[in-house]
Amino acid sequence: MDSFIIAALALCSLTAPACGDKGTSKARSCTDIKQFYRGKGFSQDGVPQYEISGEHLRMCPQGYTCCTSDMEDNLAMLSRREMEDILKDAGRTLHMSLSGQFKAFDSYFMELPELSLQETFPTVWGLLYHQTSHIFSDLYIDLRQYYRGANVNLEEVLNDFWARLLEKLFHLTNQQYVIGEDYLECVSKKIETLRPFGDTPHAMKMLVTRTFVAARSFVQGLLVSGEVVRKLSQVQLNQECMRATMKMTYCPHCRGMASARPCANYCSNVMKGCLANQADLNTEWRHLAETMIQVAERFTGASGVERVILSLPSRISEAMLTMMENIQTINSKLFQACGSLREGGTSSNTGVDESMKRGRVTVEDRLESTSGKIDKLVSDVTSRLREMQSYWVSLPQLLCSDRIATGTGAEDKCWNGISRARYLPEVMGDGLASQINNPEVEIDITKPDMTIRQQIMQLKIMTHRLKNAYNGQDVDFQDTSDDVSGSGSGLCTEEMCSRSPKFVDPITERPVLYPYPPENKEVKASASHSLPCVAVYLLPLLILLLRR
């Protein structure tokens, strides 16, 4: 009899709500969770008055509970929505930061070329500038379009600029002659042999190409990285993640432990499992950020983007002065190559003469007025890029920081998914492959999320382009008028610009069966049709040999 009483008491201790709680014989009231459940926007109809047996539960521990199956489902959906909202908020913060950096650089790069042109040429060249302004405007328009992602060949743009400028200056410095379009075309074709502008066209081509290739690729990298964050912050969590977040977040309420907060390592395993695919972006994300930092460093210093762009008008001015100072020699060579000209034009070269008198404006003089704004932009963006390098693997810690148990003794009194006790399993690593033994989230590591894999591919492509840009190699972007970023920039997004590999579903159609050729037509290699007859004779011989 004594042993029976001891066994009964032991059973009572394991099922306290049924046999009594804190010395009472009554099951615990569900008033607290009823209020909590209503506060979450659900109807409290159907919420038990007192704890009931939990055999019906599929996500929470099946002890005594205040949650019905419907409550468990509703709270599970709520936990997923809340987790997705937190992910969106975190992604929105980073996306807005990258978008802000993009807009700052984009605005700067768009204004700088035109600003440098307007500040220099009208004061230096006066009337001559106004006579040639359309040539300079076309050049800067082409440079802006290239920067914006248009299919523009920089070498062709610059060659066309110098050819048009040669034609215009030749015409303006020889107004006493009658010069037709055919003759001017001949003049422009002699630019390589004459070299009327000295070494400036070649030097400028190198500087402009490196500068604009880097600038275009860099802002494209900011745009692409922001788009990756935006898209992946909207990826829905799967069913297994929903079950895990429900068990961690709301199952304590069902067990009457509303104040219990998850153990730190328990939360880490849940979040590492839920965000396993996102963590696989880490490697390519870091490569992209590191490469962008390297490219950004090219924007400062003596050969930086600001100094290069601001020096363009002065370099062109020097080239123009070089030509006009040697105009007699150039004319002599052109008259020999393209033929003599007859007089009959106007004799006034006032605009040219006045411009020559204004003197030479050196590159160094013009660069004294650089604002240094680019240094601040580069400093801000590189700091942000370094901060975001670990974003995808730090998300679990970020999402757990506000929900885990803290303070003295927290490790022994936290919610471990079953009760208030220490969480014993080890913390999983980052990424999909590391979740094979995750005790909290069941994951098929052989089935990665294809949306995330596509974004990993986009990061690889963008990093490759940035590396090419860093090395001075041109990169190709497809022009588009769509502004997916919403920034009003006109830059095409990676999906539109890239010629990236497309994911193609495997072909599952049945093979096509072609009909036999008609019997009344001669068919080549007809010996094959006699094979069945040969087989008839060979088969008995084969059987006889086998019996032997």
Worked check of side-chain contact (heavy atoms from CB on, under 4.5 Å) between L275 and L87: CA-CA 10 Å; L275 303 174; L87 282 172; 3.8 Å; yes
[Y] and [X], any side-chain heavy atoms less than 4.5 Å apart:
| X | Y | value |
| --- | --- | --- |
| L395 | L398 | yes |
| Q458 | E227 | no |
| N282 | D430 | no |
| E306 | D375 | no |
| T291 | Y470 | no |
| I33 | C254 | yes |
| S390 | R286 | yes |
| Q294 | L466 | no |

Which pair of heavy atoms, one from [X] and one from [Y], lies closest together, and at what distance?
| X | Y | answer |
| --- | --- | --- |
| S79 | A76 | OG-O, 2.7 Å |
| A104 | L377 | CB-CD2, 3.7 Å |
| A258 | H253 | CB-ND1, 3.6 Å |
| M388 | A289 | CE-CB, 4.1 Å |
| D402 | R261 | O-NH2, 2.6 Å |
| C66 | P48 | O-CD, 3.3 Å |

Expected output: side-chain [X] to main-chain [Y] donor-acceptor under 3.5 Å:
| X | Y | result |
| --- | --- | --- |
| Q435 | G429 | yes |
| S394 | Y391 | yes |
| R403 | L399 | yes |
| D449 | T451 | yes |
| D142 | L154 | no |
| T249 | M246 | no |
| E72 | M59 | yes |
| S383 | S379 | yes |
| S107 | K103 | no |
| W415 | K247 | yes |

Sequence neighbours excluded, which residues qualify as side-chain contact (heavy atoms from CB on, under 4.5 Å) partners of [X]?
| X | answer |
| --- | --- |
| R420 | M257, S259, A260 |
| K34 | Q44, V47, Q49 |
| E240 | N238, R243, V441, E442 |
| A410 | A405 |

Nearest-0.5 Å distance that lies between atom CZ in R384 and atom CD in Q101: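 Rounded to the nearest 0.5 Å, the CZ-CD separation comes to 8.0 Å.
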ring-ring contact (aromatic ring centres under 6.0 Å, His included) pairs, two or more places apart, involving residues 422-457: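 Listed by first then second residue: Y266-Y423.
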Exceeds 12 heavy-atom contacts within 6.0 angstrom, atom [atom1] of [X]:
| X | atom1 | result |
| --- | --- | --- |
| I436 | CD1 | no |
| E387 | CD | yes |
| E411 | CD | no |
| K413 | NZ | no |
| H202 | NE2 | no |

Worked verdict on S311 versus R315 for side chain to side chain donor-acceptor pair (under 3.5 Å): CA-CA 6 Å; S311 74; R315 292 178 186 277; 2.9 Å; yes
Selection residues 435-473 - residue pairs positive for disulfide (SG to SG under 2.5 Å), sequence neighbours left out: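 Non-adjacent pairs meeting disulfide (SG to SG under 2.5 Å): zero.
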is_close_aromatic(Y147, F105), centroid dist under 6.0 Å: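 Aromatic pair excluded; centres sit 6.0 Å or further apart.
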Non-neighbouring partners of D32 that pass salt bridge (charged side-chain N to carboxylate O under 4.0 Å, His left out), sequence neighbours left out: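 With neighbours one apart ignored, the set is empty.
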CA sep, side-chain torsions, deciding dist, call: E297, I293, side-chain contact (heavy atoms from CB on, under 4.5 Å): CA-CA 6 Å; E297 290 172 350; I293 290 172; 3.8 Å; yes
Salt bridge flag under 4.0 Å for residues K40 and E82: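 Between E82 and K40 there is a salt bridge, with a charged N closer than 4.0 Å to a carboxylate O.
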Sidechain N-carboxylate O distance under 4.0 Å for E84, R81: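 R81 and E84: not salt-bridged.
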So, using side chain to side chain donor-acceptor pair (under 3.5 Å) as the criterion, who are the partners of [X] when residues are at least two apart?
| X | value |
| --- | --- |
| D89 | R92 |
| D380 | K376 |
| D412 | R422 |
| E155 | none |

CA sep, side-chain torsions, deciding dist, call: C263, C414, disulfide bond (SG atoms under 2.5 Å apart): CA-CA 5 Å; C263 302; C414 54; 1.9 Å; yes
Y146 and F212 aromatic ring geometry - parallel, tilted or perpendicular at 30°/60° bounds: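 Perpendicular, since the angle between the ring planes exceeds 60°.
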Aromatic plane relationship, F109 with F299 - under 30° parallel, 30 to 60° tilted, over 60° perpendicular: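 Correct class here is perpendicular.
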No-hydrogen, no-angle side-chain donor-acceptor test under 3.5 Å, R80 and Q239: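 A donor-acceptor contact under 3.5 Å links the two side chains.
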Residues forming a ring pair (Phe, Tyr, Trp, His ring centres under 6.0 Å) with Y37, sequence neighbours excluded: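 Per chain and number, Y37 pairs via ring pair (Phe, Tyr, Trp, His ring centres under 6.0 Å) with F42.
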Full working for side-chain contact (heavy atoms from CB on, under 4.5 Å) between V235 and N277: CA-CA 10 Å; V235 173; N277 281 282; over 6 Å; no
M248 vs M271, side-chain contact (heavy atoms from CB on, under 4.5 Å): CA-CA, chis, key distance, verdict: CA-CA 10 Å; M248 180 179 70; M271 293 304 162; 3.7 Å; yes
